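Report on the structure given below.
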2 protein chains.
Amino acid sequence: MRKSGRPTMVDVAADAGVSLKTVSRVINGQPNVDAALIERVNASIARLGFHRNALAASLRSGSRDTIGFLAADLSNTFYLTVAAAVSTVAIGRGMQVIMASSEEDARSERTLALDLCQRRVGGLILVPAGDDQSYLGGEVAAGTPVVFLDRPGGGLDGDAVLIDNRGGAHAAAAELLRDGHERIALLFDSPSIFTMTERRQGFLDAFAEAGRTPDPALLVSDLHTPATARDAMERLLEAEHPPTAVFCANNRSTIGALEAILPRDADVAVTGFDDFELAQVLPRRIRIVDYDTAHLGTVAAEMLFARIDGDDSHPSHFLLPTHLVDRGGYIR
Amino acid sequence: MRKSGRPTMVDVAADAGVSLKTVSRVINGQPNVDAALIERVNASIARLGFHRNALAASLRSGSRDTIGFLAADLSNTFYLTVAAAVSTVAIGRGMQVIMASSEEDARSERTLALDLCQRRVGGLILVPAGDDQSYLGGEVAAGTPVVFLDRPGGGLDGDAVLIDNRGGAHAAAAELLRDGHERIALLFDSPSIFTMTERRQGFLDAFAEAGRTPDPALLVSDLHTPATARDAMERLLEAEHPPTAVFCANNRSTIGALEAILPRDADVAVTGFDDFELAQVLPRRIRIVDYDTAHLGTVAAEMLFARIDGDDSHPSHFLLPTHLVDRGGYIR
DNA sequence: CTGAAAGCGCTAACAG
DNA sequence: CTGTTAGCGCTTTCAG
């Protein structure tokens with residue numbers, strides 16, 4: 001009967017000598033089927049090695065059984081951790097996750113997001129690479145909810161799940177100021193990145209509140225890698241008036257700063273945004289603006305599923321709290 | 001015309017005043033369509049905000065446009081890195097990746113793998129959690145290729161992409177022996193894990209080749225976390241005859257061992273399997289059995305696509321080479 | 001170059 | 001409790 005490889009429900013029905021609909025009922029666990037028939041159908045399913053085609057099922061029923069997660073950079077541990085959390089929530093709901101990465105490219109983001117929509121995902125968690133997501137307007141209107149993650153979306157009204165970047169940076173800088181530091185450096189990446197401007201702003205806010213102004217010579221931007229951050233830190237340390245403290249706006253900057261500070265045992269207090277592996281093993285104590293990365297994914301997934309379940313309240317922004325914690329610092 | 005939300009190709013055809021088939025041709029870029037009609041159809045597509053339903057397309061055509069990646073533990077950076085590499089290859093082929101995690105549970109693995117097959121993935125990359133994948137026999141026979149990753153599968157003939165665990169551990173131990181170490185400890189996780197028994201075997205092989213036998217008191221197993229590895233290392237250091245070197249069979253063990261060794265500045269040479277973030281910043285030089293994690297994913301994806309493209313040669317095993325490298329060790 | 005008809009494998013509606 | 005009939009949205013024949 002089966003012309004092309006896999007057995008279908010029609011084959012099972014023929015084999016079991018029942019109707020197609022009875023097979024469907026058995027497979028979907030619907031009530032009101034005679035026990036003997038259930039037995040017979042199950043036997044045929046096993047004998048033929050039948051597996052239901054989920055694509056056909058969802059085409060007909062219109063149900064969605066996957067969600068999309070479009071990261072900005074899947075090679076970044078941060079997004080991967082988020083992705084794992086999203087996946088856990090989804091699987092708990094019997095759904096699976098299609099993941100993709102825009103590689104921080106706005107055009108890729110658009111292509112991939114629309115591609116996911118063509119696959120009729122039930123919803124989309126999106127880390128914006130570009131600043132305009134209005135191209136998703138049609139999909140959202142047609143009932144595919146979108147939740148922005150890590151960065152707010154543009155041109156589209158949607159939920160967003162963000163780290164409290166500004167609050168965390170503010171707390172870090174305020175603490176350094178309270179500790180009496182006069183010269184505090186700031187190492188950060190490109191100001192075109194949302195999280196970077198937020199963290200810088202938190203840093204500056206703390207100065208403003210203390211009635212202070214940071215030395216512009218100590219604010220270094222465009223540090224994309226630990227190596228560039230290390231070089232920048234080395235220059236600061238060798239300058240005439242080196243900083244007594246440094247705030248690193250992401251973990252790549254922190255690692256780079258430490259690569260400059262530790263070998264020369266420089267007397268500089270270090271506070272960094274983002275935790276990292278092995279921070280515990282550092283030979284000196286540093287402060288970290290920490291947060292629960294996985295929770296970001298969990299919250300995003302839960303918001304998305306709430307929308308899928310029909311929540312049509314006004315789009316909201318969730319701010320993930322941060323905490324200042326100690327890392328490293330064992331006695332040598 | 002559109003009763004339920006999204007416009008369909010029928011709607012586009014009606015709007016453009018052409019047949020359904022013409023719309024299909026335009027959308028799929030098939031030749032032999034009048035330029036004026038293409039124009040008209042594209043205008044209608046834009047006006048209606050049409051997006052093709054990829055599910056319906058692949059149901060009818062039988063084509064597959066996703067592959068499945070089933071990791072053993074998506075919260076582990078290793079699998080996440082692999083996943084990212086797989087995704088990159090897939091997207092380069094216009095396919096997307098559905099990811100899931102069995103959480104090291106054989107039953108979950110089975111459920112999720114079969115679920116992915118029900119979604120008609122074009123192929124499956126699988127990190128076995130259990131030791132029997134014969135349940136996939138039917139799917140493989142029906143044309144869904146499977147590639148095992150990190151661990152060989154059981155009960156099913158399939159390609160496998162593995163790290164050269166034994167060779168890497170062998171090289172590490174041989175080097176320590178050449179360096180004259182008499183007492184070399186081995187810290188590892190459960191022997192029920194494939195990679196662990198392979199690495200232990202490589203370690204033991206090196207001893208055998210040198211005509212030596214390791215002290216059983218220095219071989220510690222079942223270290224699942226850095227904390228337990230740290231405790232084990234502390235006990236070894238405080239014993240009557242402490243080791244002069246330690247080989248840690250995974251990065252959790254390495255981190256734990258360092259947490260014991262660094263604070264007391266113990267004179268123990270450290271070699272670890274698996275690199276880790278921040279290994280560069282360590283205050284002392286250690287040796288690492290390193291390998292290209294992403295490449296593992298790339299190779300697995302390429303093997304899978306070769307199968308999808310019809311390669312029906314005998315299943316093969318790919319062994320990813322390892323390299324001994326220095327980490328850490330800046331001048332204090 | 002274009003179109004009408006059939007059907008992928010399943011579920012939904014409505015009968016019996 | 002069971003079966004028959006449509007039809008999801010698209011691609012694939014096969015005719016014009």
Side-chain angles (χ1 to χ4, degrees), chain A residues 1-41 44-45 48-65 115 117-120 122 142-143, chain B residues 1-41 44-45 48-65 115 117-122 142-144:
Chain A
M1 195 82 235
R2 90 193 79 141
K3 36 248 141 188
S4 68
R6 288 186 159 80
T8 73
M9 277 172 48
V10 175
D11 299 327
V12 174
D15 187 85
V18 298
S19 82
L20 177 60
K21 180 61 204 177
T22 300
V23 175
S24 171
R25 285 199 180 95
V26 171
I27 286 169
N28 295 295
Q30 283 166 6
N32 301 332
V33 183
D34 187 87
L37 284 191
I38 294 182
E39 205 49 48
R40 203 131 58 84
V41 169
S44 296
I45 288 174
L48 300 178
F50 167 82
H51 290 290
R52 144 179 182 284
N53 184 330
L55 258 49
S58 61
L59 172 60
R60 178 64 244 239
S61 69
S63 67
R64 311 293 172 77
D65 47 16
D115 189 347
C117 289
Q118 289 200 12
R119 287 187 162 111
R120 294 297 184 265
Chain B
M1 194 79 234
R2 90 194 79 142
K3 36 246 142 185
S4 67
R6 288 184 160 81
T8 73
M9 277 171 49
V10 174
D11 300 327
V12 173
D15 186 85
V18 298
S19 82
L20 178 58
K21 177 62 204 177
T22 300
V23 176
S24 172
R25 285 199 180 94
V26 172
I27 286 169
N28 295 296
Q30 284 165 4
N32 301 333
V33 183
D34 188 87
L37 284 192
I38 294 182
E39 205 48 50
R40 206 132 54 87
V41 168
S44 295
I45 287 174
L48 300 178
F50 168 83
H51 291 290
R52 147 176 179 285
N53 184 331
L55 259 48
S58 58
L59 172 61
R60 179 63 243 242
S61 69
S63 67
R64 311 291 172 79
D65 47 16
D115 188 347
C117 289
Q118 289 200 12
R119 290 193 159 108
R120 294 296 183 268
V121 292
T144 305

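Numbers restart at 1 for each chain; the letters A, B, ... are given by sequence-line order, proteins then strands. Values in this document were obtained by computation on a predicted structure and should not be read as measured data.
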Ignoring hydrogens and geometry, is there a side-chain-to-backbone donor-acceptor pair from Arg40(B) to Ala16(B) under 3.5 Å?
-> yes
Whether Asp34(A) side chain and Ala36(A) backbone form a donor-acceptor pair below 3.5 Å | yes
Find the distance Arg52(A):CZ to dC8(C):P and express it as a whole number of Å.
-> 18 Å
Rounded distance (Å) that lies between atom C1' of dC10(C) and atom CG of Leu55(B) | 12 Å
To the nearest Å, give me how far apart CZ (Phe50(A)) and P (dG9(C)) are.
-> 10 Å
Spacing between Arg6(B) atom CZ and dG9(D) atom C1', to the nearest angstrom = 12 Å
Going by atom types only, do Arg6(A) and Thr144(B) share a side-chain donor-acceptor pair under 3.5 Å?
-> yes
Might you confirm whether atom CD of Glu39(B) has over 12 heavy atoms from other residues, nucleotides or ligands at distances under 6.0 Å?
-> no
Check the pair Val26(B) / Leu37(B) against side chain to side chain contact (heavy atoms under 4.5 Å, CB included), numbers first and verdict last.
-> CA-CA 9 Å; Val26(B) 172; Leu37(B) 284 192; 5.9 Å; no
Ignoring the backbone of Ala57(B), work out which of dT4(D), dC10(C), dC10(D) is nearest its side chain.
-> dC10(D)
Is there a donor-acceptor contact under 3.5 Å from the side chain of Asn28(B) to the main chain of Ser24(B)?
-> yes
When all nucleic acid strands are considered with a 4.0 Å heavy-atom cut-off, which category describes Leu20(B): base, sugar-phosphate, or nothing?
-> base
To the nearest angstrom, how far is His51(B) atom NE2 from dG9(D) atom C1'?
-> 16 Å
Which nucleotide, dC10(D), dT11(C), dT2(C), lies nearest any side-chain atom of Val33(B)?
-> dT2(C)
Which atom pairs link the protein and nucleotides 13-16 of chain C when you take only N or O atoms and keep those under 3.5 Å?
none

Check the distance between dT5(D)'s C1' and Met9(A)'s CE and give it to me in whole angstrom.
-> 15 Å
Rounded to the Å, how far apart are Leu48(B) CG and dG9(D) P?
-> 14 Å
Apply side chain to side chain contact (heavy atoms under 4.5 Å, CB included) to the pair Phe50(B) and Ile27(B), showing each step before the final yes or no.
-> CA-CA 10 Å; Phe50(B) 168 83; Ile27(B) 286 169; 3.3 Å; yes
Taking the nucleotide of DNA chain C with the closest heavy atom to each, which residue, Arg60(B) or Thr22(B), is nearer the 5' end?
-> Thr22(B)
Rounded distance in Å - CG (Leu59(B)) to P (dC10(C)) = 9 Å
Give a yes/no answer on whether the side chain of Ser19(B) brings an N or O atom under 4.0 Å of OP1 or OP2 in dG3(C).
-> yes
Distance test, side-chain N/O of Asn53(B) to OP1/OP2 of dC8(D), below 4.0 Å | no
